[in-house]
Amino acid sequence: MPPSVPSLPRRVARILRTSLFAQVACALVLGILVGKLWPDVATDFQPLGDGFTRLIKTIISPLVFCVVVVGIAKAGDLKAFGRIGLKALIWFEVASTAALIIGLVLANVVQPGSGMHVDPSTLNTSAVDAKTGGAALPSTTEFIVNALPTSFIGAFAENSLLQVLILACLVGAALLHLGNTKVPQVLPAIEQAQEIIFAIVGFVMRLAPLAVFGAMAVLVGQYGLGVIKTYAKLIILCYIAAALFVALLAVALRMVTGLSLWKFLRYIREEMLLALGTASTESVMPRVMQKLRKAGARDDAVGLVLPTGYSFNLDGASLYLSIGTLFIAQAVGVDLSLGQQITVVLVLMLTSKGMAGIPGSAFLALSATASSLGAIPAGAVALLLGVDRIMDSMRVVTNLLGNCVAVFAVSRWEGALDIDRAKKVLDGEITVTEEAVDQEVVGEEAEIPAQVVKETASKAS
């Protein structure tokens, strides 16, 4: 007797119950509907997204610390770790510079701000001050000094990833120097702490649909969908630039590692949708780190490259800043020469590195760029206030993919990538279950051949 086929409602209910991707997708649609239909009520859902982000941020620093320390200790080679860091910085600089140039070229060709004829004196610059909170981007010297921790606990309390990375490198180096004979209990204790953090990640991720619902409801409720029509040309250009850059990333990944970016996108689809919904790459960092490790990237490479990329490899922000600068210039009727546009690239190469974690950092970087040129009124950046939040999706996706590709590329460059395992995971020959990702299960139960998964699902039906 053939097995009975479950009814459509039962299949849908099972998917919603077991698939984080389906849950987040539904929450995304519901959030847009609530924001559109009840904009006054929608703003009350802000705590859902903010609360989730706060919970995730509490575990990012200890997670990065544990992964990096364990990675260095198990790799047993501090010089290799230094090479990974140097190669990562080289990759970051090349990638972000390419993003800046792509943005400038497309902005020159499309001219998104031409014909607007905006008078800068009519703009309300106080709104920019309110968004940035009176903050300022650090200078290069300040950025380097601020990356050095002033206390061990303070780095974690302030959630400063660069400071935590430095501390982790020092602890990992000390463990290698002392060896297991002098401190036999330290490394196992850090590994056990890492397992606890992974378990917490699994608990917090169950709240992801609520966070996406709240964030999207607030976005649509505050800004509405009408702003898309007003800035359609700029928005479309930014997303086309992002698509072009992602295509270049796909080519680079294929050339360096032989892996497919599109298969990797399918592999991290839940995390990508969550990042889109919450407009935050930090909200998915723990899960992405776990999935990169399960896809064959070595612990030390993942632990160093991915968190460092959050400060040094903001490809999506670079695209937005270069296009935004020319948009503002065109809108106020300023024709930038080739020399001034080269200056834009040089300034943004510096200012984009100090953006992470600063409120309204995009506006601060744009203001700094305008001031350095001397031809664009700094207050003209207020033109982008209405569209900045809509650009978050573009920035988040591009930043996240850029950093993941960097992990694979640098790992391959350093010989820290298991290519065979990566291909099997991305091809679906090894299926990493949702529970395995959340609980960081290590062993046979963490990786299941795809055929076994299909047979089990068929029997369950």
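The model shown is predicted, which means the values in this text are computed figures rather than measured ones.
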What distance do [X] atom [atom1] and [Y] atom [atom2] have between them, rounded to the nearest 0.5 Å?
| X | Y | atom1 | atom2 | value |
| --- | --- | --- | --- | --- |
| L292 | I268 | CG | CD1 | 7.5 Å |
| E93 | I90 | CD | CD1 | 10.0 Å |
| F198 | M289 | CZ | CE | 7.0 Å |
| L100 | L104 | CG | CG | 7.0 Å |
| T308 | L304 | OG1 | CG | 4.5 Å |
| R421 | R293 | CZ | CZ | 10.5 Å |

Which atom pair, heavy atoms only, marks the closest approach of [X] to [Y]?
| X | Y | value |
| --- | --- | --- |
| V70 | E191 | CG2-CG, 3.8 Å |
| A416 | A301 | CB-CB, 4.4 Å |
| G103 | I323 | O-CG1, 3.4 Å |
| N313 | A406 | ND2-CB, 4.4 Å |
| N403 | L306 | CB-CD1, 3.8 Å |
| L319 | A99 | CD2-O, 3.1 Å |

*Show the numbers, then the answer: is there a side-chain contact (heavy atoms from CB on, under 4.5 Å) between F245 and L401?*
CA-CA 10 Å; F245 184 78; L401 285 178; over 6 Å; no
Considering only heavy atoms from C-beta outward, does the side chain of [X] approach that of [Y] to under 4.5 Å?
| X | Y | result |
| --- | --- | --- |
| L237 | F327 | no |
| F213 | V34 | yes |
| I102 | L248 | yes |
| C404 | V288 | yes |
| L274 | R287 | no |
| W413 | L417 | no |
| L259 | R412 | no |
| Q330 | P112 | yes |

*Verify side-chain contact (heavy atoms from CB on, under 4.5 Å) between V64 and M285, making sure each step is shown before the conclusion.*
CA-CA 9 Å; V64 169; M285 181 195 282; 4.0 Å; yes
_If you apply the rule side-chain contact (heavy atoms from CB on, under 4.5 Å), what do you find for L336 with L326, and how did you get there?_
CA-CA 8 Å; L336 297 180; L326 261 67; 4.2 Å; yes
May I ask you to decide if [Y]'s main-chain N or O and [X]'s side chain share a donor-acceptor pair within less than 3.5 Å?
| X | Y | result |
| --- | --- | --- |
| E414 | S411 | no |
| R254 | L261 | no |
| R54 | G51 | no |
| D315 | N399 | no |
| Y267 | K291 | yes |
| T97 | V94 | no |
| K263 | G428 | no |

_Name the residue from F408, W91, F92 that meets the side-chain contact (heavy atoms from CB on, under 4.5 Å) definition with V305._
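Single pass found, and it is F92.
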